[in-house]
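Positions are given from 1 along the sequence. In each ligand, atom 1 is the first atom listed, and ligand 1 is the first ligand listed.
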Amino acid sequence: MESEHNHISYSNALNLSEEKLIAESEDILLALNKRRSLRFFSEKSFPAEVIENLVMAASTAPSGANKQPWTFCVVSSPELKKQIRIAAEEEERISYESRMSEEWKEDLKPFATDWQKPFLEIAPYLIIVFKRAYEFEIGGKKHQNYYVNESVGLACGFLLTAIHTLGLVALTHTPSPMDFLTKILNRPANERPFLLIPVGYPADEATVPDIRRKNKEEVLIWYK
Ligand code: IYR
C-alpha cells in the first residue's frame, strides 16, 4: 500500500487452535456475564495507580479519526464527592417528582432506584467521563471531532470491562441533567458530561436486582 503516511507492522498473534478459540470465547462470555451494575459500594479504597491504568486502558478504545474525544475526571476528594452528591440528588429529586414519565418509573421498579444517591459519597472513586465535541486549535479556532458519542461510549465499555476484570464494581450513572458536573469540575466549553461511573468494591451486604439477560435467539441473527 502506497501512502505518504507512515504505517507500522501489527501483530497480536496468539495463533489459537479452533478448539482453543471456542474454549476461550466461552470463558470470556462466562466472565463478562458476571458483570453487574452495583449501587452498594464499600468504603474500601485501592491505589490511585489502579484507576490510572484502568483509565488508560479505556483510552485505548477506537474513536472517530483517532481523535480520542474524551476526558476522564477522577474524583476521590470527600468534599467534591459530597458536592456532586448534593447536586445530583437535587436534579434526581426533580426528575423523579416531575420530569420522568410514569412509564419510565414503572420500567425502573425492578431496580428500586429513587432520587437518593449515597454511593456518590461512599465509592472511593467517581470517574466522570466527558465527551469532547470539538478541540480548540492554536489561535482558538474550533476543530470538530467525529462520532463522539460512539467513541466515548466505546471507551466507557472498555473501562467497565477493565474494572470488572479486576473484580471491582461500577455503576453507569446518568443523573439528568448533568451540567452541574461541568460547573463543579470546572470543565471547558468543548466538554460535556457523558457518564458518571462510581468505582470500588461491593459492600458486604450488596444486592443486585434479579433481572435476566436476553438469550441468543433474541439478540443474534445469522445471515450465512
Ligand atoms: N437517572 C435516574 C433514573 C434511572 C434511569 C435509568 I434509564 C436507569 O437504568 C436507572 C436509573 C437514577 O439514577 O436513579
Checklist line | Ring centers of Tyr125, Phe46 separated by less than 6.0 Å | finding: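 Distance test on ring centres: under 6.0 Å, yes.
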Note to self: Taking the ring centre of each residue, are Phe119 and His173 less than 6.0 Å apart?
What the structure shows: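 Yes: the rings meet the under 6.0 Å criterion.
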Margin query: For Ala203, is there any backbone N or O sitting under 3.5 Å from a side-chain donor or acceptor partner on Ser42?
Written below: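 No, the answer is negative, given that no donor and acceptor are paired below the 3.5 Å cut-off.
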Margin query: So if I apply the side chain to side chain donor-acceptor pair (under 3.5 Å) rule between Glu121 and each of Lys81, Lys82, Arg85, which one comes out positive?
Written below: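 Between Glu121 and the candidates, side chain to side chain donor-acceptor pair (under 3.5 Å) is satisfied uniquely by Arg85.
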Quick one: does [X] get an N or O within less than 3.5 Å of an N or O on ligand 1?
X	value
Ser176	no
Glu92	yes
Trp104	no

Can you sort out which atoms of ligand 1 are near [X], meaning under 4.0 Å from one of its heavy atoms?
X	value
Leu108	3 (C), 4 (C), 5 (C), 6 (C), 8 (C), 9 (O), 10 (C), 11 (C)
His173	13 (O)
Lys117	12 (C), 13 (O), 14 (O)
Thr174	1 (N)

Check: Which heavy atom of the protein is the closest neighbour of atom 3 (C) of ligand 1, given with residue, atom name and distance?
Finding: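 In this structure, atom 3 (C) of ligand 1 has Tyr96 OH, 3.4 Å as its nearest protein heavy atom.
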Check: Knowing that exactly one of Glu90, Glu89, Glu91 qualifies, which makes a salt bridge (charged side-chain N to carboxylate O under 4.0 Å, His left out) with Arg93?
Finding: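 Among the candidates, only Glu90 passes.
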Notebook entry, point to check: Looking only at heavy atoms, which two atoms of Trp70 and Ser151 are closest? And how far apart?
Noted result: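 The answer is CZ3-O, 3.4 Å.
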